[in-house]
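Protein chains get the first letters and strands the later ones, always in sequence-line order, with residue 1 at the start of each. Small disclaimer: the values here were computed from a predicted structure and weren't measured.
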Protein chains: 2
Amino acid sequence: MPHTRRQAVTIKHVAAEAGVSLQTVSRVINNEPNVRPQVQERVHAAVAKLGYVPSLAARRLGGSRSYLILALNDRDRTIDGWRSGEGTDWVDQMLLGGMLKCAEHGYRMIFELVDTHSAHVEREIMAALSSLRPDGVILTPPHGDNPTITELLTRQHIPFARIGSVGDGAGFSISMDDAHAAEVATAHLIALGHRRVGFITGSDEYALSGARLEGWRKAMRAAGRDDSEELIGRGDFTFDSGIAAATALVSLADPATAIVASNDQMALAALHVAEARGLAVPRDLSIVSFDNTPVARFSVPPLTAIAQPIAAMTARAAELLIEAKQGKPDPDAPSVLPFELVVRASTGPCDG
Amino acid sequence: MPHTRRQAVTIKHVAAEAGVSLQTVSRVINNEPNVRPQVQERVHAAVAKLGYVPSLAARRLGGSRSYLILALNDRDRTIDGWRSGEGTDWVDQMLLGGMLKCAEHGYRMIFELVDTHSAHVEREIMAALSSLRPDGVILTPPHGDNPTITELLTRQHIPFARIGSVGDGAGFSISMDDAHAAEVATAHLIALGHRRVGFITGSDEYALSGARLEGWRKAMRAAGRDDSEELIGRGDFTFDSGIAAATALVSLADPATAIVASNDQMALAALHVAEARGLAVPRDLSIVSFDNTPVARFSVPPLTAIAQPIAAMTARAAELLIEAKQGKPDPDAPSVLPFELVVRASTGPCDG
DNA sequence: CTGAAAGCGCTAACAT
DNA sequence: ATGTTAGCGCTTTCAG
């Protein structure tokens, strides 16, 4: 095995080639001021000629930046999604938005799974922070709502972005308007003539669950419809909880003719309940879901759904974190990105 | 902004706490010999007490290992998959297998997109190598079959693994038995009574495309069936190419009653052609696909498919690369991992 | 079995 | 506007 310890071409080689000092090369590659255009030119030429690319490790060790953004996802949920092979593409959309945005700025995104529920969250995260020293951290739901995590990051003075977490507090809040999305979904059903629109909530562990419920309430009230508790099914994002909630909603004395489910899995459960009960979708029961994961388009019928801008949110998160390290002032408002209601075949006029 | 340059707890602190030299701590955390159990004990205690975790950057800079495995995927194909939102979960399965295996060994997997077709592949890859100095590289199809890439890595003396690339040559070859899988898929159809089984190939850019075709041939011949050119549709993994190929196969004077498609997209195209022609699936046309991405289970009818062990292959790749750095001898045979034929509703008895 | 010294490639702080 | 110096936190030599 050859000596792989030494790097082929280092800043020294570039400095020699351009006939300047190390420092000047460093200044040029970091776009710092106080270098004459002519010297810049020469350095750039040397860089190109030698194919020089700075060592991430050396930059991190010598300087105050690591050029690393750490994305933290929930371990169990993520692994379950992967194992199921059902195409929950949260991670893919994050990579699409986050990795590409990082690359634009010469940063890299590193992906890590941590267990929100574990007593060792702190230790797990501290280990990642110590090892990597990332310039910023992206928290995905439900991590952004976990005070143990946000406080740890605050204490460590590491900038972080909370995706899908709407409360204010430390860190950038990046979300879509969940309440408004639920309102739009519900209004869509009301406009189709539905009077009894049920709602299936997500897990309380997620702040957005409450926001979505509020949106449904607002739309129902605005239309003068009943928004009493019996129309609210308590779910936790799992298929099974969707079955229970949907069953209750269609079993009411005055049953729901439409359901808004807080994610695709629970909407699929509603579809399943409809079939078991001999209810045609959308004729007898209309369904709208949240998330718009790939299954939404392949179910029978395909689901009308609220699409979350996951890629856009992650890209924005990366951007804010990178700018924060560059000393740009924080934005004065939370970033709220546009969602989309994708209308498919699971919603139709009320038959009742 | 506080001074974030200094690490909270370094090897020095551990050494002081344990009353030994830096070196001894280093030996202990790297499981090197020549440390008395008693001293090890003390060091471990100090590590635990202080919550010490070594800095990746410093390890890479000081030593000869980076504890980084770089996974290289095809840029266009990957981004298209993400944007389409159709749930191609190649990347997820890679992360499932690769990230978790890396984590087991204290390594990290970094994910990077490079454009196989670009004239700048070399530059793109060299940039990643210079910046990261990974201990190993995982090439996914079609990178493993691209000599520009494999030669570059060989020249740089960086261990690499080729996933889904069967030729021998430098680097670990990790694959499933594509030929045998095609044979099993074809035999499944023959056993159902099909005589005219068509085959839709993948792009020639992928070595596995040829292997799959050979498997089909072998099964057809073994059963005494016609394996002439007219039963072979040339595809390139795209939906459109699948439409053309499937159309030709069902339009033969003696039409195919079953089709093996080299991926799910082309199988969906065959499904589409069947519907347009008024052919019921599986009654009039049976279809088997390769890949078993999430769409395969959500199509109507769901597709019988060959499932690739992507997670297992990536895990194996990571394992071999890590062992290579640790000086373990290379395995004498390529790693061939088991595939699975998942039987769903798109295949049935021949009606002809 | 253990320790001391040197240096990895870069940036920060301080000259000039 | 540029160069010099001193580390960053670790591993690799080399001495004991």
Side-chain angles (χ1 to χ4, degrees), chain A residues 1 3-16 18-43 47 50 52-68 106 129-133 135 325-327, chain B residues 1-16 18-43 47 50 52-68 106 129-133 135 325-326:
Chain A
M1 181 106 10
H3 280 286
T4 172
R5 190 176 180 200
R6 309 184 81 84
Q7 187 147 319
V9 28
T10 75
I11 199 171
K12 266 189 185 165
H13 302 124
V14 178
V20 296
S21 72
L22 294 193
Q23 201 37 244
T24 301
V25 176
S26 178
R27 286 193 180 99
V28 172
I29 63 179
N30 290 300
N31 275 317
E32 278 166 27
N34 300 338
V35 183
R36 270 181 313 174
Q38 190 193 334
V39 177
Q40 274 191 41
E41 227 19 55
R42 255 193 302 149
V43 172
V47 166
L50 302 177
Y52 168 73
V53 179
S55 154
L56 240 207
R59 282 184 126 177
R60 142 75 187 95
L61 207 56
S64 52
R65 288 186 300 177
S66 63
Y67 296 90
L68 251 31
L129 296 182
S130 306
S131 173
L132 261 16
R133 306 249 116 204
D135 288 343
K325 262 292 172 185
Q326 290 170 348
Chain B
M1 180 113 2
H3 281 286
T4 171
R5 192 174 180 202
R6 308 184 82 85
Q7 187 147 319
V9 29
T10 74
I11 198 171
K12 267 188 186 166
H13 302 124
V14 178
V20 296
S21 72
L22 294 192
Q23 204 31 245
T24 301
V25 177
S26 178
R27 286 192 181 99
V28 172
I29 62 179
N30 291 300
N31 275 315
E32 277 166 28
N34 300 338
V35 183
R36 271 180 312 174
Q38 190 192 337
V39 176
Q40 276 192 38
E41 217 34 42
R42 255 193 301 150
V43 172
V47 166
L50 302 177
Y52 169 73
V53 179
S55 154
L56 241 207
R59 281 184 127 178
R60 143 74 188 96
L61 206 55
S64 53
R65 287 187 301 178
S66 64
Y67 297 90
L68 250 30
L129 296 182
S130 307
S131 173
L132 261 16
R133 305 250 117 203
D135 288 344
K325 262 294 172 183
Q326 291 171 348

Legend entry - dG9(D) phosphate, OP1 or OP2, under 4.0 Å from Ser55(B) side-chain N/O: no
Inset, instruction - Ignoring backbone atoms, establish whether Arg59(B) has a side-chain N or O less than 4.0 Å from OP1 or OP2 of dT11(D). - result: yes
Legend entry - Distance-only donor-acceptor test, Arg27(B) side-chain atoms vs dG3(C) base atoms, 3.5 Å: yes
Legend entry - Gap between atoms CD and P, on Gln40(A) and dA1(D) respectively (whole Å): 11 Å
Legend entry - Pairwise distance CD(Glu32(B)) to CD(Gln23(B)) - rounded to 0.5 angstrom: 7.0 Å
Inset, instruction - Can you tell me the distance, in whole Å, between the CZ atom of Arg133(B) and the C1' atom of dC10(D)? - result: 17 Å
Inset, instruction - Respond yes when some side-chain nitrogen or oxygen of Arg60(A) is under 4.0 Å from OP1 or OP2 of dC10(C), and no when none is. - result: no
Inset, instruction - Could you tell me whether the phosphate oxygens of dA1(D), OP1 or OP2, come under 4.0 Å of any side-chain nitrogen or oxygen in Thr24(A)? - result: no
Inset, instruction - Between dT2(C), dT2(D), dG3(D), spot the one nearest the side chain of Asn34(B), thanks. - result: dT2(C)
Inset, instruction - Among dG9(D), dT11(C), dC10(D), find the nucleotide with the atom closest to the side chain of Leu61(A). - result: dG9(D)
Legend entry - Over all atoms of both residues, closest heavy-atom pair of Ala57(A) and Arg60(B): CB-CG, 3.2 Å
Inset, instruction - Rounded off to whole Å, could you give me the NZ-to-P distance for the Lys12(B) and dG3(C) pair? - result: 16 Å
Inset, instruction - Starting at atom CG of Leu22(B), determine the distance to atom P of dT12(D), rounded to an integer number of angstrom. - result: 14 Å
Legend entry - Heavy-atom pair with the smallest gap, counting every atom of Ser66(B) and Arg133(B): OG-O, 2.7 Å
Inset, instruction - Tell me which nucleotide among dT2(D), dC10(C), dA12(C) gets nearest to the side chain of Glu32(A). - result: dA12(C)
Inset, instruction - Give the nucleotide from the list dG3(C), dT11(C), dC10(D) with an atom nearest to the side chain of Gln23(B). - result: dG3(C)
Inset, instruction - Starting at atom CG of Leu56(A), determine the distance to atom C1' of dG9(C), rounded to an integer number of angstrom. - result: 12 Å
Legend entry - Given dG3(C), dC10(D), dT2(C), the nucleotide with the shortest approach to the side chain of Val39(B): dT2(C)
Legend entry - Closest approach of Tyr52(A) to Val9(A) (non-hydrogen atoms, all atoms of both residues): CD1-O, 3.4 Å
Inset, instruction - Using whole Å, report how far CD1 of Ile11(A) lies from P of dC8(C). - result: 14 Å
Inset, instruction - Quick one: label Pro33(A) by what it contacts on the DNA or RNA (base, sugar-phosphate, nothing), any heavy atom closer than 4.0 Å. - result: nothing
Inset, instruction - Tell me which nucleotide among dT12(D), dA13(C), dC10(D) gets nearest to the side chain of Gln7(B). - result: dC10(D)
Legend entry - Distance, rounded to the nearest Å, where Lys325(B) contributes NZ and dT11(D) contributes P: 14 Å
Legend entry - Arg42(B) side chain to Ala18(B) backbone, donor-acceptor under 3.5 Å: yes
Legend entry - Side-chain N or O of Ser26(A) closer than 4.0 Å to phosphate OP1/OP2 of dC10(C): no
Inset, instruction - Using the closest heavy atom to pick a nucleotide of DNA chain C for each, name whichever of Arg36(B) or Ala58(B) lands nearer the 5' end. - result: Arg36(B)
Legend entry - Separation of atom CG in Asn30(B) from atom C1' in dT11(D), rounded to whole Å: 8 Å
Inset, instruction - Inspect the surroundings of CD in Glu41(B) and state if more than 12 heavy atoms from other residues, nucleotides or ligands are less than 6.0 Å away. - result: no
Inset, instruction - May I ask you to evaluate whether Ser21(A) reaches the phosphate of dT4(D), defined as a side-chain N or O under 4.0 Å from OP1 or OP2? - result: no
Inset, instruction - Kindly say if Tyr67(B) contacts the phosphate of dC10(D), meaning a side-chain N or O under 4.0 Å from OP1 or OP2. - result: no
Inset, instruction - Classify the nucleic acid contact of Arg65(A) as base, sugar-phosphate or nothing, counting any heavy atom under 4.0 Å across all strands shown. - result: nothing
